[in-house]
Participant: 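Here you go, one structure.
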Amino acid sequence: MSFRFKMEQVAREKGSNIVLALDPFLGEPQHLLEISTRILEKVHPYICALKINRQLVLPLGLFNGMQKILKLAQEKELPTIMDCKINDVGYTNRAIAEYYFKAGFDAVIANPFVGWDEGLQPVFEVAKSKRRGVILLVYMSHKGAPEGYGQTIRDPKTERYTLQYVAFARKALEWEADGAVVGATYPEKIREVHSILKNSVPIFSPGVGAQGGEVETAVKAGARYLIVGRAITLAEDPAETARSIRDIAQNV
Ligand code: XMP
């Protein structure tokens, strides 16, 4: 089953479009592993996927502690996304993707800035051969995002002026990406990107809660999945918070 199909199936079955960003902050590996598994055990009924960042892979080790988390996610039938923002030359990108897929991840996040030839082409090739997913950054959620993603560029193919994120959204379509990341903190960008992608590429939207993005606004603008971290992981009752965010998103 492809990553894209798996995501849709789990989201439908669980009535949830919440992707948990499991990012415990600094600590000894054993402690981080305990916190992470505890949160996942509590929250899994209310989420449709798990997103991991390098901040957890670095201390735990991809083929060490991370395996325990990936195994737990598998037991709970949750697709897993590695937020590694792949951003190098093709030879290196391919190896990075191979390792994450070998470790058990269902999808990787990549940066379209590096382009296709000798850039992300090898990542898409590896992913397609293993029926895994590639999600592209289109417009990030943080305050500085306009400095890069909001720039006006001259498209080298058409020689026309366009916006960087519009060019990235078009690449997501052309490269048949399995998702596009657009920050919930920029709902007008979600709307614009959604008008380009329509239902061909689902929008994954981080930035809800801790970064100031709002669930209803992001979903109404066209976000298919919401990536939520601290609003859930740092809550007094993570399960109850995840349930309530899920319900708000479902009722839009
Ligand atoms: P919080 O705690 O802010 O966590 O809910 C958000 C999670 O999502 C990641 N993040 C992003 N990942 N593009 C991405 O690929 C983005 O624009 C973006 N903004 C936030 C962040 O690293 C954390 O894991």
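For the single chain, residues carry numbers from 1 onward in sequence order. Ligands are counted one by one from 1 in listed order, and the atoms in each one are counted from 1 as well. Here the structure is a predicted model, which means the values were calculated and not measured.
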Participant: Should one rank R54, M140, R230, Q55 by closest heavy-atom distance to atom 1 (P) of ligand 1, which comes out on top?
Facilitator: R230
Participant: Closer than 4.0 angstrom: is that true for some heavy atom of H142 and an atom of ligand 1?
Facilitator: no
Participant: What atoms in ligand 1 come closer than 4.0 Å to a heavy atom of K51?
Facilitator: 7 (C), 8 (O), 9 (C), 23 (C), 24 (O)
Participant: Tell me which protein heavy atom sits closest to atom 5 (O) of ligand 1, plus the residue, atom name and distance to 0.1 Å.
Facilitator: G229 N, 2.8 Å
Participant: Atom 20 (C) of ligand 1: which protein heavy atom is closest, and how many Å away?
Facilitator: S141 OG, 3.4 Å
Participant: Is K130 salt-bridged to E98, cutoff N-O under 4.0 Å?
Facilitator: yes
Participant: Considering heavy atoms of the protein only, find what lies nearest to atom 15 (O) of ligand 1 and give residue, atom and distance to 0.1 Å.
Facilitator: L137 CD2, 3.1 Å
Participant: Looking just at side-chain N and O atoms, do Q121 and E125 make a donor-acceptor pair shorter than 3.5 Å?
Facilitator: yes
Participant: Does ligand 1 have a heavy atom under 4.0 Å from the side chain of A21, from its backbone, from both, or from neither?
Facilitator: side chain
Participant: Do the side chains of K14 and E77 get close enough for a salt bridge, i.e. N-O under 4.0 angstrom?
Facilitator: no
Participant: By salt bridge (charged side-chain N to carboxylate O under 4.0 Å, His left out), which residues pair with E240, not counting sequence neighbours?
Facilitator: R243
Participant: Taking atom types as modelled, is there a side-chain donor on Y139 or Q164 under 3.5 Å from an acceptor on the other?
Facilitator: no
Participant: Sort out for me which residue in R131, Q74, K6 forms a side chain to side chain donor-acceptor pair (under 3.5 Å) with D106.
Facilitator: K6
Participant: List every atom of ligand 1 that sits less than 4.0 Å from any heavy atom of K85, numbering the atoms from 1 in the order shown and giving each element.
Facilitator: 11 (C), 12 (N), 13 (N), 14 (C), 15 (O)
Participant: Enumerate the atoms of ligand 1 whose separation from the nearest heavy atom of I109 is less than 4.0 angstrom.
Facilitator: 15 (O)
Participant: So which heavy atom in the protein is nearest atom 6 (C) of ligand 1, and how far is it from that ligand atom?
Facilitator: Q211 NE2, 4.0 Å
Participant: Return the option from D23, L20, N111 holding the heavy atom at the smallest distance from atom 23 (C) of ligand 1.
Facilitator: D23
Participant: I need the contact type for T233 against ligand 1. Using non-hydrogen atoms and a strict under-4.0 Å cut-off, is it side chain, backbone, both or neither?
Facilitator: neither
Participant: Only one of Q151, E192, R170 clears side chain to side chain donor-acceptor pair (under 3.5 Å) with Y165; which?
Facilitator: E192
Participant: Are the charged groups of R160 and D155 less than 4.0 angstrom apart, N to O?
Facilitator: no
Participant: When you measure from atom 22 (O) of ligand 1 to every protein heavy atom, which one gives the shortest distance, and what is it?
Facilitator: N53 ND2, 2.8 Å
Participant: Shared ILVMFWY cluster between I69 and M82, side chains joined below 4.5 angstrom?
Facilitator: yes
Participant: Counting non-hydrogen protein atoms only, what is the nearest one to atom 16 (C) of ligand 1? Give residue, atom name and distance.
Facilitator: P206 CG, 3.6 Å
